[in-house]
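Notes follow the structure.
So that the names make sense, note that chain A is the first sequence line, chain B the second, and so on, each numbered from 1. Just so it is clear, the model here is predicted, and its values are computed rather than measured.
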Amino acid sequence: MSVRVRIAPSPTGYVHVGNIRAALFNWLYARHTGGTFILRIDDTDVERSDVEYEDDIKAGLRWLGLDWDEGVDVGGPHGSYRQSDRFDHYREVAHDLVARGLAYHDPRSPEELEELRKVAQSEKRHPNYYIRRPDTPATTGPIRFSVPQDAPVEFDDMVRGDMRFEAGAVDDFVILRSDGVPTYHLASVTDDVDYRISHVARGEDLLPSTPKHILLTKAIGGSVPTYAHLPLLFGPDGKKLSKRHGDTSLRAYREGGYLPQAMMNFLATLGWSIGADRTVFTVAEAIESFDLVDVSKNPAVFDLDKLAWINGEYIRAQDPEDFEAGARTEIERSMGRSLAADDWERFRSISGLVQERTKFMVDIPDQVRFLFEEVAADDDSWAKVMDKEGVAEVLSAASSRLSGLDTWDTESIEGALRGMLEDLEIGARKGLQPLRVAVTGSVVSPPLFESMAALGSESVLARLDAAGRRLAGS
RNA sequence: GGUCCCGUCGUCUAGUGGUCUAGGACGCCGGCCUCUCAAGCCGGUAACGCCAGUUCGAAUCUGGUCGGGACUGCCA
């Protein structure tokens, strides 16, 4: 039997990294087994669903390279792959269940049900002990599935092993709301059956719902898929990763200077390991060795420090041309203008040095802004190195040394400035920092000689001069 | 309260009865390199929640206990 897996996100918010991790595992499993990866949109909650969010989901998947074989946009043999298009079908399924005596209309009010739950709780019974089929049949109210009480529900979960739920612990859940809209349980199970889903790999938060899904699947005559419940992603505080922890939406990382390959790699290490001594690996390698049965049972904390490190690893490993192209995008966006030819050349002459020290793509503009426009030294940098004894001498000595240069390149600049250090009998640290601040506007910058070479003699000399004047004036 | 899940360094994990005085990675600390910042290199820090039991032998098996978590809706 061929593997058919799906992800079924609800478009009720920007796609969460936890859902993306689940998508990744499903995708890896499909690619590893040569199976089919399906994208279905679970938009039964019409109130909260929005196309903007569906677009966000698709954009996120595309960004990461998680291509789907069937589903929204790409189509397939099973219709639209959007649940809101199939409401009539779900209603038929629900009413058919009622006709066969496997489900029933529940005429009780929410208040009555609430009361029953309270009673059950006070008696320390299963909370839904009393939420069962009333003695007298009704024809109005939401439709509940009548949970068979004769046998426990058992299944073998690919990550958790043998699972067993007592029938009495499963409540008669609603499958069709009184307004005729199907619930998640009905729509999801119906689709999984119709689409011939073979494996359902989803978050562990759905584990308690699984017995319901199995029972429903059997009731509508489908074959039960193999389940794999993935460990949840936690925030630093050990609670389910949520908005409270800041950036839980994939979009935040897409816009935050992270490389998609780095994100993929990081997500793959959460709950899965490719081997004892490896952390960084390619997508192809992950596909090669991934299997749902190897997924860990325990929850994983989403560690931003490690993500940042992996991102740096990927940035340094990028092809120089790719890095430059990505950097250009960031720089132009930050500066609000496109780079002129000479701007671009200046950047390219030190791009290798920038690549080595970039952790996030969005940090690039600040590192090289001095190449494109005049930069005023920030107060901290100025106070730290310029308000010191002998700085004026350093500035003028450097200026005269540099202005006498015939060739303007890294070697000659370094030669000139080393000579200056000897003349002044001061160390490199003390003698070069003022020049760095004067030229780049900051105590932190790419290497000085290369930066000067890239900027050009005219600008360098002018900035040294300007710094000297600012020093004299203060 | 109930049902269910989980428990190896701060974090992600390797580990399936002996090769574990528990390995790797991030982080952190120290050093080297060095024009700043990174990167790189070297070294260090730090864990089998606890108690019984099984066994010649347990991180690995069993029971209990403690701790954490998810679910408990006409949301998904």
Side-chain angles (χ1 to χ4, degrees), chain A residues 8-10 12 42-45 47-49 106 110 113-114 117-118 120-129 141-144 157 160 163-166 168-171 173-185 187-188 202-211 229 231-232 234 236 238-240 266 269-280 296-310 312-313 316 353-359 367 381 385 414 417-418 421 427-433 435-437 440 442-451:
Chain A
S10 292
T12 54
D42 276 18
D43 57 349
T44 51
D45 187 345
E47 289 295 308
R48 297 193 298 145
S49 293
D106 184 355
L113 294 168
E114 181 59 28
R117 289 195 180 92
K118 274 188 188 147
Q121 183 163 135
S122 70
E123 293 178 358
K124 297 192 177 187
R125 291 184 181 281
H126 297 303
N128 296 294
Y129 184 76
I143 295 177
R144 281 183 193 280
D157 190 283
R160 262 143 244 285
M163 286 300 115
R164 176 193 169 96
F165 289 80
E166 296 303 327
V170 182
D171 59 301
F173 54 101
V174 172
I175 56 176
L176 194 72
R177 289 179 269 227
S178 51
D179 61 1
V181 174
T183 63
Y184 156 77
H185 299 299
S188 179
R202 69 219 317 190
E204 193 200 329
D205 50 339
L206 264 347
L207 189 53
S209 292
T210 304
H229 285 92
L232 260 20
F234 282 2
K239 295 270 168 51
K240 188 176 175 181
F266 173 63
T269 66
L270 265 25
W272 182 69
S273 168
I274 198 168
D277 300 339
R278 300 203 59 194
T279 303
V280 179
S296 160
K297 297 185 212 295
N298 20 335
V301 171
F302 194 85
D303 182 3
L304 287 172
D305 283 334
K306 192 158 190 173
L307 207 208
W309 170 76
I310 289 181
E313 290 284 303
R316 287 189 291 279
L353 298 170
V354 175
Q355 184 170 2
E356 284 176 35
R357 51 209 87 211
T358 297
K359 212 159 208 151
Q367 291 186 70
S381 294
V385 321
E414 172 158 14
L417 294 179
R418 295 274 181 212
L421 294 177
R429 184 179 298 260
K430 193 172 176 207
L432 265 24
Q433 278 302 82
L435 305 183
R436 185 189 309 284
V437 172
T440 72
S442 169
V443 288
V444 176
S445 82
L448 185 62
F449 310 133
E450 287 83 350
S451 293

Where the side chain of A:Glu450 is concerned, which of B:rA76, B:rC35, B:rG10 is the nearest nucleotide?
B:rC35
A:Phe449 CZ to B:rC35 C1': how many Å, rounded?
5 Å
B:rU36 phosphate, OP1 or OP2: any side-chain N/O from A:Ser442 under 4.0 angstrom?
no
Strictly by Watson-Crick or wobble contacts shorter than 3.5 Å, is anything paired with B:rG67, and which nucleotide is it?
B:rC6
Which of the following nucleotides, B:rC74, B:rA76, B:rG40, is nearest to the side chain of A:Leu113?
B:rC74
Short side-chain N/O contact from A:Asn298 to OP1 or OP2 of B:rU8, under 4.0 Å
yes
What's the closest nucleotide to the side chain of A:Phe165 if the choices are B:rC4, B:rC35, B:rA76?
B:rC4
Under 4.0 angstrom, heavy atoms only, what part of the nucleic acid is A:Arg48 near: base, sugar-phosphate, or nothing?
base
Let's test this: given Watson-Crick or G-U wobble pairing with both distances under 3.5 Å, identify the partner of B:rG73.
none
I want to verify a distance call: between B:rA76, B:rC74, B:rU36, whose nearest atom is closest to the A:Arg436 side chain?
B:rU36
Can you figure out which of B:rC74, B:rG23, B:rC12 approaches the side chain of A:Asp277 most closely?
B:rG23
Has A:Thr210 got a side-chain atom pairing as donor or acceptor with A:Leu207's backbone, closer than 3.5 angstrom?
yes
Between A:Arg316 and B:rA38, is there a side-chain N or O to OP1/OP2 distance below 4.0 Å?
no
Base, sugar-phosphate alone, or nothing: which one does A:Pro447 contact when heavy atoms must sit under 4.0 Å apart?
base
CG of A:Leu304 to CZ of A:Phe302: how many Å apart, nearest 0.5 Å?
6.0 Å
Between A:Ser188 and A:Arg202, do the side chains contain a donor N or O and an acceptor N or O under 3.5 Å apart?
no
Report which part of the nucleic acid A:Ala428 touches: base, sugar-phosphate, or nothing (heavy-atom distance under 4.0 Å, all strands).
sugar-phosphate
Over all strands shown, is A:Gly271 touching base, sugar-phosphate only, or nothing at heavy-atom distances under 4.0 angstrom?
sugar-phosphate
Whole angstrom is fine here: how far is it from CD in A:Gln355 over to C1' in B:rA39?
12 Å
Is it the case that B:rC35 (base atoms only) and A:Arg429 (side chain only) share a donor and an acceptor within less than 3.5 Å, ignoring hydrogens and angles?
no
Residues A:Arg160 and A:Glu204 bridged, charged N to O under 4.0 Å:
yes
Indicate, with a heavy-atom threshold strictly under 4.0 Å, whether A:Leu417 touches base, sugar-phosphate, or nothing.
nothing
Strand partner of B:rU19, provided both Watson-Crick or wobble distances fall under 3.5 Å
none
Between B:rC6 (C1') and A:Arg160 (CZ): distance, integer Å
7 Å
Give A:Leu448 one of three labels, base, sugar-phosphate or nothing, depending on what nucleic acid heavy atoms sit under 4.0 Å from its own.
base
Contact class for A:Ser273 vs. all strands (heavy atom < 4.0 Å): base, sugar-phosphate, or nothing?
sugar-phosphate
At 4.0 Å (heavy atoms only), tell me whether A:Thr358 reaches a base, stays on the sugar-phosphate, or touches nothing.
nothing
Counting only side-chain heavy atoms from C-beta out, which of B:rC6, B:rG24, B:rC74 sits nearest to A:Pro299?
B:rC6
Could you tell me the Watson-Crick or G-U partner of B:rC41, where both distances fall under 3.5 Å? Say none if there is no partner.
B:rG31
Atom CG of A:Asp171 to atom C1' of B:rU72: distance rounded to whole Å?
8 Å
Nearest to the side chain of A:Gln433, heavy atoms from C-beta on, is which of B:rA14, B:rC74, B:rU36?
B:rU36
Given B:rC35, B:rG24, B:rA14, identify the nucleotide with an atom nearest to the side chain of A:Lys306.
B:rG24
Could you tell me whether A:Val174 contacts a base, only the sugar-phosphate backbone, or nothing, with contacts defined as non-hydrogen atoms closer than 4.0 Å?
sugar-phosphate
Distance check, rounded to the nearest 0.5 Å: A:Asp305 atom CG versus A:Ile310 atom CD1?
11.5 Å
A:Leu232 CG to B:rC4 P, in whole Å, measures 19 Å
Complementary nucleotide of B:rU11, counting Watson-Crick and G-U pairs under 3.5 Å
B:rA25
Rounded to whole Å, the CG-P distance (A:Leu353 to B:rG40) equals 15 Å
Whole-Å distance between B:rC71 P and A:Leu207 CG?
11 Å
Pair partner, B:rA52 [Watson-Crick or wobble, under 3.5 Å]
B:rU62
Students often get this wrong, so: under 4.0 angstrom with heavy atoms, is A:Pro231 touching a base, only sugar-phosphate, or nothing?
nothing
Between P of B:rC26 and CH2 of A:Trp309, the distance in whole Å:
5 Å
Please state whether the base of B:rC74 and the side chain of A:Ser178 form at least one donor-acceptor pair under 3.5 Å?
yes
So, OP1 or OP2 of B:rC74: does either fall under 4.0 Å of a side-chain N or O from A:Arg144?
yes
Searching all strands shown, indicate the nucleotide that pairs with B:rA46 (Watson-Crick or G-U wobble; both distances under 3.5 Å).
none
